[in-house]
Amino acid sequence: MGKKGEERGMGMFFDGIIESMPLFVKELIAGGVAGGLAKTAVAPLERVKILFQTRRAEFHSVGLFGSFKKIAKTEGVMGFYRGNGASVARIVPYAALHYMTYEQYRRWIIDSFPGIGRGPVLDLVAGSFAGGTAVLFTYPLDLVRTKLAYQVVGPPKINVKGLVNTEQVYNGILDCFSKTYRGSGLRGLYRGVAPSLYGIFPYAGLKFYFYEEMKRRVPDDQKKNIMVNLVCGSVAGLLGQTFTYPLDVVRRQMQVQRLLASNSPELKGTMETLVMIAKNQGWKQLFSGLSINYLKVVPSVAIGFTVYDMMKSYLRVPSHDEAVIEVVTNKGNTQTSSLHT
């Protein structure tokens, strides 16, 4: 009896905390948890994808499975998670901001422009602006993650053939931040942000567009089914990424330019870099690593959306329609109160 009473009391305590949280805090928590779990699940594929995108010849020539074997041999299991600390440190605030601002932008658009309707165009616009907002706040962490994932470090006393450089340039997240800032200033921390923004606006918008549009076609009694959410999220991520992948390649190459050989051509603006890659490396390079990205995107986006919906349910975040009704009701109450004062 005493144990059950303690469990009941603890449950009431957590219920009280959840009920007292503002709506945007619940959405931040739900988004952060979803992003962290999804990113960690696909970290090994993310590492190999970055090495493919940045055209490290020793990995590019051996293919997907050869790259996995080379990383395992030279760096061990932890090599698959090199840069994942920075990746998770970036994705938690990024996903939290992304999902929360998407919900906020969506409610704000409905509240400010009632005639726009609540169809897929609303999700496209809200998702695009949410993606841009999240990128601007978290881009330096993405830059650091890419630089850490790019460098390949062989274990001591082992001479690995085919590696261009086994010297460790950065010793961790803070060291990478410090050296990048000292070398290039604030501009260095935002190098490659332009293609990120060009890519994230359509990608984030399309991702939410496809996901919400697919869920609208699901019967009401199946909308909380985990497998249904996984399928909707997988297709949404797959379609959104396909349209915007070349800009992701441009961004990665701009981020690691200072780590490339000195005889490499200098990369300038986004469009100039895109044209230079197509001219010097071939148009196929703009889609290098896309097959790996498909393997990564399917579970990553699926897990992200599914965990986010589960966390929203656990934290008692109202559905889109309920949230809009709440905003409109609060606005009406505010106007009524102002009339009486």
Check the pair F208 / F305 against ring pair (Phe, Tyr, Trp, His ring centres under 6.0 Å), numbers first and verdict last.
-> CA-CA 9 Å; F208 280 105; F305 273 125; 5.5 Å; yes
Heavy-atom neighbours of L136 CG exceed 12 at 6.0 Å = yes
Would you call the rings of Y245 and F287 parallel, tilted or perpendicular if under 30° counts as parallel and over 60° as perpendicular?
-> parallel
Taking all heavy atoms of G304 and all of A34, pick out the closest pair and write down the distance.
-> O-CB, 3.3 Å
Taking C-beta and beyond as the side chain, do Y170 and T180 meet within less than 4.5 Å on heavy atoms?
-> yes
In this structure, OH of Y94 is separated from CD1 of I200 (nearest 0.5 Å) by 3.0 Å
Do M21 and I29 have side-chain heavy atoms sitting under 4.5 Å apart?
-> yes
After noting the C-alpha distance and the side-chain angles of L286 and I277, does the key distance pass the side-chain contact (heavy atoms from CB on, under 4.5 Å) rule?
-> CA-CA 7 Å; L286 292 172; I277 291 172; 3.8 Å; yes
Does some side-chain heavy atom of V218 sit less than 4.5 Å from a side-chain heavy atom of M214?
-> no
Do you see a donor-acceptor pair shorter than 3.5 Å between the side chains of Y81 and T40?
-> no
Could you walk me through whether E75 and R47 pass the salt bridge (charged side-chain N to carboxylate O under 4.0 Å, His left out) check?
-> CA-CA 12 Å; E75 302 180 66; R47 174 84 201 281; 3.5 Å; yes
Among R107, M100, E103, R316, side chain to side chain contact (heavy atoms under 4.5 Å, CB included) partner for L23 = R107
Can you check whether F137 reaches P93 side chain to side chain, under 4.5 Å on heavy atoms?
-> no
Report the C-alpha distance between T244 and F201 in whole Å, list the side-chain angles of each, state the deciding distance to 0.1 Å, and finish with yes or no for side-chain contact (heavy atoms from CB on, under 4.5 Å).
-> CA-CA 9 Å; T244 59; F201 271 103; over 6 Å; no
CG of L230 to CD1 of I303: how many Å apart, nearest 0.5 Å?
-> 7.5 Å
Smallest separation among heavy atoms of T242 and Y294, with atom names = OG1-OH, 2.9 Å
Roughly how far, to the nearest 0.5 Å, is OG1 of T101 from CG of L28?
-> 9.0 Å
Measure the shortest side-chain to side-chain distance between I109 and L122 over non-hydrogen atoms and say whether it is less than 4.5 angstrom.
-> yes
Minimum side-chain heavy-atom gap K312-Y308 below 4.5 Å | yes
List the atom of S234, the atom of A302, and the distance in Å for their closest heavy-atom pair.
-> OG-CB, 3.2 Å
Report yes if some heavy atom in the side chain of D123 is under 4.5 Å from a heavy atom in the side chain of R216; otherwise report no.
-> yes
Looking only at atom types and distance, does a side-chain atom of K26 sit under 3.5 Å from a main-chain N or O of I18, one as donor and one as acceptor?
-> yes
Over all heavy atoms of both residues, which pair between Y102 and G127 is shortest? Give the atoms and the distance, please.
-> CD1-N, 3.7 Å
Side chains of Y105 and V125 in contact at under 4.5 Å (non-hydrogen atoms) | no
If two hydrophobic side chains count as joined below 4.5 Å and joins carry through other members, does I173 share a cluster with V88?
-> yes
Verify side-chain contact (heavy atoms from CB on, under 4.5 Å) between Q281 and V249, making sure each step is shown before the conclusion.
-> CA-CA 12 Å; Q281 303 174 22; V249 175; over 6 Å; no
Flag yes if more than 12 heavy atoms outside F129 fall under 6.0 Å of its CZ atom; otherwise flag no.
-> no
OG of S184 to CG of L143, rounded to nearest 0.5 Å, is 9.0 Å
Candidate pair N229 and K215, rule side-chain contact (heavy atoms from CB on, under 4.5 Å), full reasoning = CA-CA 8 Å; N229 288 340; K215 283 191 70 178; 3.7 Å; yes
Of all the heavy-atom pairs spanning S128 and G205, show the shortest one and how long it is.
-> OG-CA, 3.3 Å
Salt-bridge criterion met for E213 and R217 (N-O under 4.0 Å) | yes
Distance col, row F80:CZ vs L45:CG, nearest 0.5 angstrom, shows 9.5 Å
Should V235 and V42 be counted in the same cluster of Ile, Leu, Val, Met, Phe, Trp and Tyr side chains packed under 4.5 Å apart?
-> no
Nearest-0.5 Å distance that lies between atom NZ in K223 and atom CG in D309 = 11.0 Å
For G240 and L206, which heavy atoms make the closest approach, and how far apart are they?
-> CA-CB, 4.2 Å
